[in-house]
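In this chain, numbering begins with 1 at the start of the sequence shown. Not measured: the values here are computed from a predicted model.
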Amino acid sequence: MSAEPGSLEAALRARRSGGGKALVPYLTGGLGHWQAALAAAADAGADAVEVGIPFSDPVMDGPVIQEANDRALAAGTTPLGVLDALGRLDVGIPVAVMTYYNIAFRFGLERFASVLAEQGVAAAILPDLPLEEAGPWASAADAAGVETVLLAAPTASDERLGRICARTRGFVYGVGLLGVTGVRDELAASAVVMAGRLKQITDVPVLVGVGVGTPAQAEEVCRVADGAVVGSAVVRRMLDDEGPAAVGRLIGQFRRAVD
């Protein structure tokens, strides 16, 4: 680990050291009033926010976020457009971007990392980039001061989880279930198991996402995890065009639940 954690990890560690649990909502960049929704999420108590840069083949994502990607792309959203907008926003909490490796690769890894840093983005999550191939990107990100958040799957061995935790920055993203993102009726048992396995092997903040779709599910997973990532439930509000205030109200419900 580097000596000093970046702004994302510092924020999550601060929440934990104060005895609290972290809440990180996901919003789709370029979808509707996404910038106002981002500000509303911050005002409602999010510790950080994950902004999706739309991609045409979001393989990790279920129907809700796929639809959001399609809609944002149809409206003319581009990666640079999202990043330029983020550079003009100051919501007072760290921002991570989530997108797929092809976008970073096409940019050029050093250029992508430097643009993120220039626009004030704290971290990047590239879910289709496996640990074994992450070296070039992670090195470029480290050099630019961008935290590389790695995902940990329920199928990973303890040995592999240890290597993921050693390389991740910001937090380790525990994947709550096998499958794609989306709201489920109940929290998968694998989510709590995943959190427990990670907590046993790392001091890096452990957040669980994928399948955490209600305040009650977030509260349940946070009994073990350091925090929760909430995506599809938030994006559903954006797709239904309920407005930034509705996003803020939803984040407020999650905030009260994890507190």
Side-chain angles (χ1 to χ4, degrees), residues 7-9 11-12 15 20-54 58 60-62 64-65 67-69 72 82 85-86 89-99 121-125 127 147 149 151 170-171 173-176 180-184 187 191 205-222 225-259:
S7 62
L8 174 60
E9 186 170 328
L12 301 180
R15 174 67 77 177
K21 300 293 185 174
L23 177 62
V24 179
Y26 168 99
L27 302 95
T28 301
L31 178 66
H33 305 290
W34 70 276
Q35 292 146 287
L38 185 57
D43 290 344
D47 292 283
V49 70
E50 201 181 310
V51 174
I53 296 176
M60 181 183 165
D61 291 301
V64 170
I65 294 177
E67 182 184 342
N69 274 262
V82 172
L86 287 175
L89 289 174
D90 181 10
V91 292
I93 57 174
V95 174
V97 295
M98 191 288 239
T99 193
V121 174
I125 305 166
E147 295 158 270
V149 177
L151 280 76
F171 65 94
Y173 193 137
V175 177
V180 294
T181 59
V183 176
R184 270 89 172 171
L187 187 73
V206 172
L207 274 62
V208 173
V210 186
V212 181
T214 67
Q217 290 168 2
E219 186 272 331
E220 187 179 346
V221 82
C222 283
D226 296 316
V229 180
V230 182
S232 294
V234 177
V235 175
R236 182 76 262 165
R237 295 287 195 286
M238 298 175 72
L239 284 171
D240 293 343
D241 201 20
E242 295 181 27
V247 170
R249 285 193 297 272
L250 180 66
I251 302 303
Q253 292 168 14
F254 276 94
R255 179 76 265 167
R256 290 187 290 276
V258 301
D259 287 345

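Between E50 atom CD and Y173 atom OH the span is 5.0 Å, to the nearest 0.5 Å. Distance check, rounded to the nearest 0.5 Å: CZ of R184 to OG1 of T214 gives 12.5 Å. One distance of note links CG of L27 with CD1 of I251; it measures 6.5 Å at 0.5 Å rounding. In this structure, W34 CH2 and T28 OG1 are separated by 10.5 Å, a value rounded to the nearest 0.5 Å. Here the straight-line distance linking atom CD1 of I93 with atom CG of L38 works out to 6.5 Å at 0.5 Å rounding. Rounded to the nearest 0.5 Å, atoms CD (E219) and CD (Q217) are 11.0 Å apart.
When all heavy atoms of C222 and V258 are compared, the pair lying nearest together is SG-CG1, 3.9 Å. Closest heavy-atom contact between L207 and A228: CG-N, 4.1 Å. Closest heavy-atom contact between V149 and A123: CG2-CB, 4.2 Å. Summarising the geometry of I53 relative to T99, their closest heavy-atom pair is O-OG1, 3.0 Å, with the distance given to 0.1 Å. Nearest approach of P25 to A46, heavy atoms of both residues: CD-CB, 3.5 Å. Taking all atoms of both residues into account, the shortest heavy-atom contact from I65 to G231 is CD1-C, 4.4 Å.
Heavy-atom contacts from other residues, nucleotides or ligands closer than 6.0 Å to CG of D259 number more than 12.
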Task: Step-by-step side-chain contact (heavy atoms from CB on, under 4.5 Å) determination, D241 to H33 - done: CA-CA 8 Å; D241 201 20; H33 305 290; 4.2 Å; yes
- [ ] For side-chain contact (heavy atoms from CB on, under 4.5 Å), just list the numbers for V234 and F254, CA-CA rounded to whole Å, side-chain angles, deciding distance to a tenth of an Å, and then say yes or no.
- [x] CA-CA 10 Å; V234 177; F254 276 94; 5.5 Å; no
TODO: Please report the C-alpha distance between V97 and L86 in whole Å, then the side-chain angles of each, then the deciding distance to 0.1 Å, and finally whether the side-chain contact (heavy atoms from CB on, under 4.5 Å) criterion is met.
DONE: CA-CA 10 Å; V97 295; L86 287 175; 3.8 Å; yes
Open item on the list: Between L31 and L239, is the side-chain contact (heavy atoms from CB on, under 4.5 Å) condition met? List the steps.
Closed with: CA-CA 8 Å; L31 178 66; L239 284 171; 4.0 Å; yes
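In this structure, the side chains of L151 and I125 come closer than 4.5 Å at one or more pairs of heavy atoms. In this structure, P54 and V82 have side chains that are in contact, with non-hydrogen atoms separated by less than 4.5 Å. Using a 4.5 Å heavy-atom threshold, the side chains of P127 and M98 count as touching.
Between the side chain of D47 and the main chain of V24, no donor-acceptor pair closer than 3.5 Å is present. Judged by distance alone, with hydrogens and angles left aside, the side-chain atoms of K21 form a donor-acceptor pair with the main-chain N or O of A225 at under 3.5 Å. Listed for the E147 side chain is a donor-acceptor partner under 3.5 Å among the backbone atoms of E9.
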